[in-house]
Structures are given as C-alpha cells and as structure tokens.
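See structure below.
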Amino acid sequence: MSIRLYSTLSRKLEELPPPPGPIRMYFCGPTVYARAHVGNARPFVVGMWLRNWLRANAYDTTLVHNITDINDKIYEAAPNASAKLAERATDWYLEDTGGLGLGMPDHLPRATEMVPQIVSFIEQLIATDHAYAVEGDVYFRVSRDPEYGRLSGQRPDQVEDQEPNPLKEDPRDFALWKANKPDEDTSWDSPWGRGRPGWHIECSVMAEELLGPAFEIHGGGLDLVFPHHENELAQSSALGHDFARIWTHNGMLRFTGEKMSKSLGNFVTLRDAIDEWGAQTLLVFFLTGHWRKPIDFSDETVAAAGTRADGFREVFRNPSEPAAESAWSGFEDALNDDFNTPEALAVMHGWRDHDLLLRALRVFGLESLAGDEAAPADLVEFAERRKQAREARDFEEADRLREEIERRGWEARDVAEAPGFRLVRRT
RNA sequence: GGCGCGGUGGCCGAGUGGUUAGGCAGAGGCCUGCAAAGCCUCGCACACCGGUUCGACUCCGGUCCGCGCCUCCA
C-alpha cells in the first residue's frame with residue numbers, strides 16, 4: 001500500500017511517489033516573540049513523525065522548519081529591541097521542542113538569514129508586474145492572479161474588509177516589503193529603501209532556497225491556510241514555480257473549549273507541559289488524535305495518554321511474545337492511510353512483541369518507553385528489606401516499607417523472578 | 001455575510017452499506033499475606049428529521065449544536 005495524505009489544495013488524498021522519493025517537506029514554524037505553547041508544537045511533532053515514517057519506508061527526505069524572526073508581532077512585543085527578543089525566543093523554541101525528544105528537522109532557516117534572497121524574489125515579482133513599490137513598501141498585486149483563493153477556497157471579493165491602506169491598489173493586496181518605522185530596530189537595504197520583509201514572503205523564499213521551486217509537502221497549522229499559505233502559493237506561482245504539491249494542515253489544539261492561543265490567553269507553554277506531564281505522555285497524547293482533527297488538551301485527556309504510555313512500558317517489563325508475521329501490516333496500513341495515528345495506536349496496544357513494538361514506537365520518538373529508569377539505591381535497599389520482612393511474615397513492616405517507597409514516587413511490586421521484587425517509577 | 005470541518009457508548013477516539021475497533025474510567029473474577037502489575041469476563045454507541053436501499057451509524061437532503069478561518073495566530 002502506498003502512502004497517502006490528505007491535501008488541502010486538492011481536497012482529497014494524494015498518493016506519494018514510490019520510495020526513495022525524494023520527499024521534500026516544509027513545515028511552517030513559529031514567529032519567535034514568546035515562549036511556544038503546546039498547540040505550537042503540533043506541526044513540529046507531525047512533521048517529525050512524518051519524516052520518521054517516510055525514512056522507515058526507505059524514502060529520501062528533507063524536512064525544513066522555519067523560524068520567522070522578522071514580523072510585526074516581534075516589533076510590537078519589543079519596540080526597538082526586537083532582535084534580542086527574537087534571538088531569545090528562538091533559543092526557547094529550540095530548547096522546548098528539543099525537550100520532546102524527537103530530534104530536529106534537517107534545516108531550521110531564519111528569515112534574517114535570507115533577506116538578500118527575499119529582496120531578489122520581490123524584484124522578480126515587480127519585474128513581472130506581480131508586485132508594485134510605493135513609498136518604500138512593496139505589495140503583491142492579487143488581481144494579477146486569477147487563481148488566487150484556490151488553496152483556501154476564499155474568494156477575494158468575499159473577504160471581509162480590512163483596515164484601509166491608501167498605498168494599496170486593492171485592499172486584498174498584501175505587503176512583501178515594509179518601509180522601516182520608528183520603533184523597528186532591524187532593517188535592511190533594498191531597492192525601495194531601508195525596510196524589512198512582510199509576513200508571507202519569507203516562507204516562499206526559505207522553502208525554495210532549501211527545497212527548490214517544486215517540492216512535495218507543505219505543512220502547518222490549519223489557521224495558516226488563509227491568508228499565509230494562500231499568499232505563499234500566490235507569490236511562488238506568480239514566478240511560475242510549482243511550489244508545494246501536497247498541503248497538509250493540522251487541526252488546532254483546543255483548551256477550555258477553544259483554540260489554544262496566546263491572544264485568547266488560554267494556553268499552557270510547551271515547557272510547562274513537558275515539566276508537568278513528561279515528553280512521552282505528551283507525544284502519546286498527540287498520537288491519540290488524528291493530525292487533521294482538533295484535539296482537546298485537558299487533564300483528563302492527557303492523563304489518559306499517560307496511562308497508555310504506562311501500558312507500553314509494562315509490555316517491556318514482561319516477556320516478549322513473538323507476534324504473527326502479519327502484525328506489522330495493520331500498523332503500516334493505518335499510517336499509510338493519511339497517517340492515522342489513533343488507528344496505529346490501537347494496533348500497537350495488541351502487541352506483546354518487544355522488537356515489533358519498539359520498531360513502532362521509534363516512529364514516534366517513543367523508544368525510551370522500552371527502558372525503565374533504575375531506582376535509587378536506597379529504595380532498592382528498602383525493597384530488599386521488604387522482601388526479607390515478607391519472608392519473615394512480618395507484613396506490617398513490609399507494608400510500611402512499601403508505603404515508604406510509594407512516598408518517594410516508586411512502586412514496589414512482588415514478582416516471582418529474581419530478585420523477587422521490581423521497582424517501577426510511578427507516573 | 002463568505003469559506004471549511006465536525007457531532008460515535010461515562011470520557012478519548014478509529015471505522016464500515018449487512019460481521020469485535022482500540023484506549024481510559026467502572027463492575028466481577030483469577031492471582032497476591034494484602035497489594036500492584038498482568039490475565040479473563042462485562043457496555044443492545046453512532047445529534048435530530050426525512051429520503052434512497054432488502055438493509056444506513058455508514059449514501060442524499062434538511063434541522064439543531066459545536067469548532068476553525070476570513071485580523072496576529074501552529
């Protein structure tokens with residue numbers, strides 16, 4: 001069975017070419033002006049998992065995940081000090097996503113590293129009449145693109161009115177380059193004067209610089225379909241580039257009934273979530289929902305994911321039972337069919353074969369579930385004493401020791417095999 | 001107003017025109033000094049109303065409800 005993914009652009013499942021591809025992927029990363037929240041992690045996680053799965057299937061893959069470090073948001077958050085904030089927030093993002101234990105994408109380009117390429121891209125758009133410069137700004141001419149709206153389904157004439165901007169020929173036009181303003185501490189030289197790139201152009205440029213003018217998959221949050229991705233597509237199409245063939249948009253993370261977002265204030269930072277629940281539980285949590293659907297982040301749903309993670313750990317504490325030769329295909333089919341992780345999880349729960357389970361967990365960066373943490377020496381000693389107490393039928397002492405161990409966050413289990421007990425970290 | 005997604009058993013969550021999803025929680029049992037873990041057993045679920053069909057949770061139409069985008073947003 002070949003691998004298929006649902007594409008927003010075609011509104012249907014698209015088949016990937018056979019291995020080794022190549023499959024080049026671009027997943028939209030964050031604008032760095034604050035600590036990332038759990039919802040921001042979803043595209044990162046989905047992108048890394050997809051790359052893992054493709055590699056497991058002998059694909060040659062390249063994953064680009066950008067850092068947008070030039071943006072209105074950053075200037076607003078730190079007037080005259082945006083560069084410093086962007087740098088710090090970039091470090092946070094790398095640290096927090098790194099904490100998930102999934103490794104890193106192949107490239108993490110930053111907008112500030114590609115300004116010359118952005119300028120040259122804009123020059124080409126002007127030269128072909130797809131853009132126009134006015135008073136130090138440059139705008140994309142939406143009316144030149146008869147296909148504008150094909151990704152999002154938005155019709156330009158139906159888009160709600162925006163704040164009027166007298167410099168624009170048409171209110172739907174969007175900025176490619178913005179003239180430097182008083183509170184903005186970063187700016188670059190350009191044919192149109194000092195200034196900096198607009199929002200969407202950096203993604204077109206970073207993607208094409210690293211992946212070429214035509215690549216396989218472009219991912220990102222569902223909230224980026226319009227206008228961000230629509231505009232990326234318009235910019236690149238204007239130069240005759242195919243740009244991305246398959247557009248994957250992950251569903252939003254919901255928290256307290258609504259999309260988790262900084263502007264609504266209903267968010268939990270990724271770092272806090274990792275501290276509270278652990279990376280493994282968080283990853284299993286993401287696994288419980290299909291990537292395209294919204295997923296609810298709540299104590300109940302995350303705790304349930306934690307219990308599932310425990311279930312997998314438990315499998316490795318018990319002897320491996322070889323699975324049928326066909327066992328893998330259920331897992332494979334689930335992931336090949338639009339990367340259906342809830343279905344894949346269901347298949348995995350039936351497995352008692354260590355090698356097989358480990359192979360599957362590896363796809364999701366969860367191979368660490370296979371190894372138990374060693375207990376502190378003093379707890380091992382408690383467990384030894386508990387064992388002796390039990391042998392002496394001093395059950396009061398034995399129970400006291402068990403409670404002591406539990407107070408320290410561990411669980412004492414009596415087992416038949418040597419040494420007669422097992423210490424398991426409680427999660 | 002425009003574009004789009006969804007409503008499945010206590011909760012999460014796949015899926016299919018007619019056969020068990022799976023997990024979490026809960027009940028009973030085996031095991032245990034008691035536990036824990038594990039194993040076994042247990043749930044007449046598919047928002048509502050019409051229609052198509054021999055038969056629909058699954059297809060079509062409508063209604064209600066929820067969510068996302070149209071403004072910064074993963």
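Here is how names work: the chains are called A, B, and so on, in the same order as the sequence lines, proteins then strands, and each is numbered from 1.
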In terms of heavy-atom contacts, Ile274(A) and Ala279(A) come closest through CG2-N, 4.2 Å
Out of C24(B), A36(B), A74(B), minimum distance to the side chain of Leu224(A) belongs to A74(B)
When every non-hydrogen atom of Ile67(A) is compared with those of Leu108(A), the smallest separation belongs to CG1-O, 4.4 Å
Roughly how far apart, to the nearest Å, are C5(B) and C42(B) at atom P? 39 Å
Practice task
Pick the P atom in C39(B) and in G22(B), then give their distance to the nearest Å.
Solution key: 14 Å
Atom CG of Asp333(A) and atom P of A14(B) are separated, to the nearest Å, by 17 Å
Looking across every strand, which nucleic acid part, if any, lies under 4.0 Å from Met348(A) by heavy atom: base, sugar-phosphate, or nothing?
-> nothing
What one should report as the nearest heavy-atom pair of Asn250(A) and Pro43(A) is OD1-CB, 3.5 Å
Heavy atoms under 4.0 Å, any strand shown: does Arg254(A) hit a base, just sugar-phosphate, or nothing?
sugar-phosphate
Side-chain atoms of Asn340(A) come closest, of A14(B), C24(B), G68(B), to A14(B)
Closest of C24(B), A36(B), C70(B) to the Gln154(A) side chain is C70(B)
Distances for protein N/O vs nucleotides 39-43 of chain B N/O pairs under 3.5 angstrom?
{"from": "C39(B)", "atom 1": "OP1", "to": "Arg352(A)", "atom 2": "NH2", "distance (Å)": "2.9"}

Margin query: When you measure from the side chain of His130(A) to the backbone of Ala238(A), do you find a donor-acceptor pair of N or O atoms at a distance under 3.5 Å?
Written below: yes
- Would you confirm whether Arg386(A), through its side chain, and Ala398(A), through its main-chain N or O, come within 3.5 Å as a donor-acceptor pair? yes
In whole angstroms, the gap separating P of C24(B) from CD1 of Ile295(A) amounts to 16 Å
- [ ] For U8(B) versus A45(B), give the span between their P atoms, rounded off to a whole number of Å.
- [x] 14 Å
The dot-bracket string of RNA chain B, counting Watson-Crick and G-U wobble pairs with both distances under 3.5 Å, using [ ] for crossing pairs and | for pairs to another strand, is (((((((..(((.....[...))).(((((.......)))))....(((((..]....))))))))))))....
**Asked** Considering only the P atoms, how many Å lie between G18(B) and U58(B), rounded to the nearest integer?
**Response** 11 Å
Taking G22(B), A35(B), A74(B) as options, the one with an atom nearest any side-chain atom of Arg402(A) is A35(B)
On the nucleotide C67(B), are OP1 or OP2 found under 4.0 Å from the side-chain N or O atoms that Lys293(A) carries? no
query = Is the NZ or CZ atom of Arg196(A) both under 6.0 Å from the centre of the six-membered ring of Trp188(A) and within 45° of that ring's axis?
reply = no
request  = May I ask you to check whether Tyr33(A) and Tyr75(A) place their ring centers less than 6.0 Å from one another?
outcome  = no
*Using the P atom as the reference point in each nucleotide, state the distance between G29(B) and U20(B) in Å, no decimals.*
28 Å
Taking for His349(A) and for Cys28(A) the nucleotide of RNA chain B with the nearest heavy atom, the one nearer the 5' end belongs to His349(A)
(request) Answer with base, sugar-phosphate or nothing: what part of the nucleic acid does Thr8(A) contact at a heavy-atom distance below 4.0 Å? (result) nothing
Tightest non-hydrogen contact, residues Ala327(A) and Leu356(A), listed as CB-CD2, 3.5 Å
Taking A14(B), G68(B), A37(B) as options, the one with an atom nearest any side-chain atom of Glu314(A) is A37(B)
d(Thr8(A) OG1, Glu14(A) CD) to nearest 0.5 Å is 10.5 Å
Exercise. Is a side-chain donor or acceptor of Asn66(A) paired with a backbone partner of Gly29(A) at a separation under 3.5 angstrom?
Worked result: yes
### Query
Which is true for Glu300(A) with a 4.0 Å heavy-atom rule: it touches a base, it touches only sugar-phosphate, or it touches nothing?
nothing
Considering only heavy side-chain atoms of Glu343(A), the closest of G22(B), G15(B), A74(B) is G15(B)
Out of A74(B), C69(B), C34(B), minimum distance to the side chain of Asn250(A) belongs to A74(B)
Checklist entry - Any chance the rings of Phe364(A) and Trp49(A) have centres within less than 6.0 Å? => result yes
Determine the contact category for Gly257(A): base if any of its heavy atoms lies under 4.0 Å from a base atom, sugar-phosphate if only primed atoms, P, OP1 or OP2 are that close, otherwise nothing. sugar-phosphate
| Centres of the His65(A) and Phe27(A) rings: under 6.0 Å? | no
key: Distance between P atoms of U63(B) and G2(B) (Å, rounded)   = 13 Å
* Determine, using ring centers only, whether Phe255(A) and His37(A) are less than 6.0 Å apart. => no
The nucleotide from C24(B), A74(B), G33(B) with an atom nearest the side chain of Arg42(A) is A74(B)
Ring center gap for Phe331(A) and Trp53(A) short of 6.0 angstrom
yes
Asp72(A) CG to C72(B) P, in whole Å, measures 8 Å
May I ask you to say what Pro43(A) touches in the nucleic acid, namely base, sugar-phosphate or nothing, with a heavy-atom cut-off under 4.0 Å? base
Remember a base hit wins even if backbone is also touched, and classify Ala412(A) as base, sugar-phosphate or nothing at under 4.0 Å, heavy atoms.
-> base
What nucleic acid atoms does Gly350(A) come within less than 4.0 Å of, heavy atoms only: base, sugar-phosphate, or nothing? nothing
Considering only nitrogen or oxygen atoms on both sides, find all protein atoms under 3.5 Å from nucleotides 57-60 of chain B and state each distance.
none

Atom NZ of Lys12(A) and atom P of C5(B) are separated, to the nearest Å, by 15 Å
**Message:** What contact category does His37(A) fall into here, base, sugar-phosphate, or nothing, at under 4.0 angstrom with non-hydrogen atoms?
**Reply:** base
Of the candidates A74(B), G33(B), A25(B), the side chain of Ala398(A) sits closest to G33(B)
Inset, instruction - Could you tell me whether Asn71(A) contacts a base, only the sugar-phosphate backbone, or nothing, with contacts defined as non-hydrogen atoms closer than 4.0 Å? - result: sugar-phosphate
Glu258(A) atom CD is separated from G66(B) atom C1', nearest whole Å, by 11 Å
Problem set entry | Cation over ring face, Arg292(A) and Tyr6(A), 6.0 Å, 45° | yes
What distance, rounded to whole Å, do you find between the two P atoms, one in U41(B) and one in C24(B)?
-> 15 Å
Whole-Å distance, Phe286(A) CZ to G13(B) P, equals 13 Å
When rounded to whole Å, the CG to P distance for the pair Asp223(A) and G4(B) reads 18 Å
Judged by nearest nucleotide, the residue sitting upstream toward the 5' end of RNA chain B, Asp399(A) or Leu222(A), is Asp399(A)
note: Trp291(A), atom CH2; C5(B), atom C1'; distance rounded to Å ~ 13 Å
Which part of the nucleic acid, if any, lies within reach of Gly39(A) when heavy atoms closer than 4.0 Å are counted: base, sugar-phosphate only, or nothing?
-> base
Per atom distances to the Lys259(A) side chain, the nearest of A37(B), C34(B), A74(B) is A74(B)
Problem set entry | Ion pair check, Asp185(A) and Lys84(A), cut-off under 4.0 Å | no
